[in-house]
Q: 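Can you read through this structure? Questions will come right after.
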Amino acid sequence: MQGIVFATVYNTRHTLFTLFNNPNTQNIMNVADLKIKNLVEYRNQIFTITEIFQNNEKDYFVKIENDVHSFSVPARSIKPIQITAEWLEKFGFSRTYSSDQRIRYERPEPFIKYDIDLDSRKLVDGLKIYGNSIKCKYIHEFQNIFSCLFGKEPAAMNYGLISTES
């Protein structure tokens, strides 16, 4: 598979606008939203993206790896990982509030929170940064936002061997 390796340089303002205002945040991976070190699902396993490239036919591929495997697959074949309580804890959040309507998780930084809305309308569901609500359903979205704001990746522990449900 011969191709051109490319690196996406993120303009913070543009990237955050795209992340916060993307109406197409469905269970579909958009290659433009991906970056190196994003966690994704492939065949019910968790992988880290290590490379993004195009082949001669202009199709996008990603090289993904975990503790067991390393290979390249079409970008359209990977799936986003839904944010769950387990994942929030892996990324350093702690449960700080719980009621019949909402569960709140907070990181050590006082300005980063994540609310899980238990109401079917999901009015307060998602990431809160400096009091701003951000629709953030997937791990790669959280990684990209965190990276843009703080210039580093959020640390996650022991994600290499976790299975996800499809």
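This structure is a prediction, so every number in the text was calculated from the model and none was measured.
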Q: If you compare all heavy atoms of Thr96 against all heavy atoms of Glu106, which two are closest, and at what distance to 0.1 Å?
A: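 So the minimum-distance heavy-atom pair works out to OG1-OE2, 3.0 Å.
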
Q: With rounding to the nearest 0.5 angstrom, report the CG to NZ distance, Leu39 to Lys37.
A: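 Interatomic distance, Leu39 CG to Lys37 NZ, rounded to 0.5 Å: 11.5 Å.
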
Q: Determine whether Asn66 and Ile46 make a side-chain contact, defined as any pair of heavy atoms from C-beta on separated by less than 4.5 Å.
A: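 Result no, sub-4.5 Å side-chain heavy-atom pair not found.
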
Q: Check whether any side-chain heavy atom of Leu118 lies under 4.5 Å from a side-chain heavy atom of Asp100, and answer yes or no.
A: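 Contact flag for Leu118/Asp100 side chains = no.
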
Q: So Tyr130 and Phe111, would you call those rings parallel, tilted or perpendicular, with 30° and 60° as cut-offs?
A: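 Tyr130 and Phe111: parallel rings.
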
Q: About how many Å separate CD1 of Ile134 and CD1 of Ile112, when rounded to the nearest 0.5 Å?
A: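 Between Ile112 CD1 and Ile134 CD1, I get 9.0 Å after rounding to 0.5 Å.
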
Q: For His69 and Phe71, work out which heavy atoms get closest and say how close.
A: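 Where His69 meets Phe71 most closely, the heavy atoms are CB-CE2, 3.3 Å.
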
Q: Write down the atom of Tyr60, the atom of Gln54, and the distance for their closest heavy-atom approach.
A: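 Of all heavy-atom pairs spanning Tyr60 and Gln54, the closest is CE2-CG, 3.3 Å.
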
Q: Kindly give the heavy-atom pair with the smallest separation between Glu41 and Ile81, and that separation in Å.
A: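 What the structure gives for the nearest pair is N-CG1, 3.8 Å.
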
Q: Do the side chain of Lys35 and the main chain of Ala32 share a donor and acceptor less than 3.5 angstrom apart?
A: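 Not a single qualifying donor-acceptor pair exists.
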
Q: Under 3.5 Å, is there a donor-acceptor pair between the side chain of Asp115 and the main chain of Asp117?
A: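 No, Asp115 side chain to Asp117 backbone: no donor-acceptor pair under 3.5 Å.
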
Q: Counting only N and O atoms by type, is there a donor-acceptor contact under 3.5 Å from the side chain of Arg107 to the main-chain atoms of Phe91?
A: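 Yes; at least one donor-acceptor contact below 3.5 Å.
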
Q: What distance do Leu88 atom CG and Ile103 atom CD1 have between them, rounded to the nearest 0.5 Å?
A: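 The CD1 atom of Ile103 is 10.0 Å from CG of Leu88, to the nearest 0.5 Å.
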
Q: Taking the side chain as C-beta and beyond, is there a heavy-atom pair between Val62 and Asn38 under 4.5 Å?
A: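 No, every pair of side-chain atoms sits at 4.5 Å or beyond.
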
Q: Would you give the length of the straight line joining atom CZ of Arg104 to atom NZ of Lys113, rounded to the nearest 0.5 angstrom?
A: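 One finds 6.0 Å between CZ of Arg104 and NZ of Lys113.
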
Q: Counting neighbours of NZ on Lys128 that are heavy atoms of other residues, nucleotides or ligands and sit closer than 6.0 Å, is the number greater than 12?
A: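 Yes - once you tally the heavy atoms of other residues, nucleotides and ligands closer than 6.0 Å, there are more than 12.
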
Q: What are the two closest heavy atoms between Ile64 and Thr50, and how far apart are they?
A: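 Here Ile64 and Thr50 meet closest at N-OG1, 4.3 Å.
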
Q: Please verify the inter-ring angle class for His140 with Tyr138; under 30° counts as parallel, over 60° as perpendicular, anything in between as tilted.
A: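 Parallel, since the angle between the ring planes stays under 30°.
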
Q: Are the aromatic ring centres of Tyr114 and Tyr105 under 6.0 angstrom apart?
A: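 Ring centres of Tyr105 and Tyr114 not closer than 6.0 Å.
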
Q: How far does CD1 of Ile129 sit from CD1 of Ile145, to the nearest 0.5 angstrom?
A: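 Result: 5.5 Å between the selected atoms.
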
Q: For Cys136 and Phe142, work out which heavy atoms get closest and say how close.
A: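 Looking at all heavy atoms of both residues, the closest pair is SG-N, 3.5 Å.
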
Q: Is there a path from Tyr97 to Leu127 through hydrophobic residues (I, L, V, M, F, W, Y) whose side chains come within less than 4.5 Å of each other?
A: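 Cluster IDs for Tyr97 and Leu127 differ.
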
Q: Treating Asp119 as the side-chain partner and Gln101 as the backbone partner, does any N or O pair qualify as donor plus acceptor under 3.5 Å?
A: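 Side chain of Asp119 to backbone of Gln101, a donor-acceptor pair under 3.5 Å: no, none is there.
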
Q: Within the structure provided, determine whether Ile83 and Phe93 are in side-chain contact (heavy-atom separation under 4.5 Å).
A: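 No - every pair of side-chain heavy atoms lies 4.5 Å or more apart.
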
Q: Got a second to check how far Glu153's CD is from Ile36's CD1, nearest 0.5 Å?
A: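 Rounded to the nearest 0.5 Å, the CD-CD1 separation comes to 10.0 Å.
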
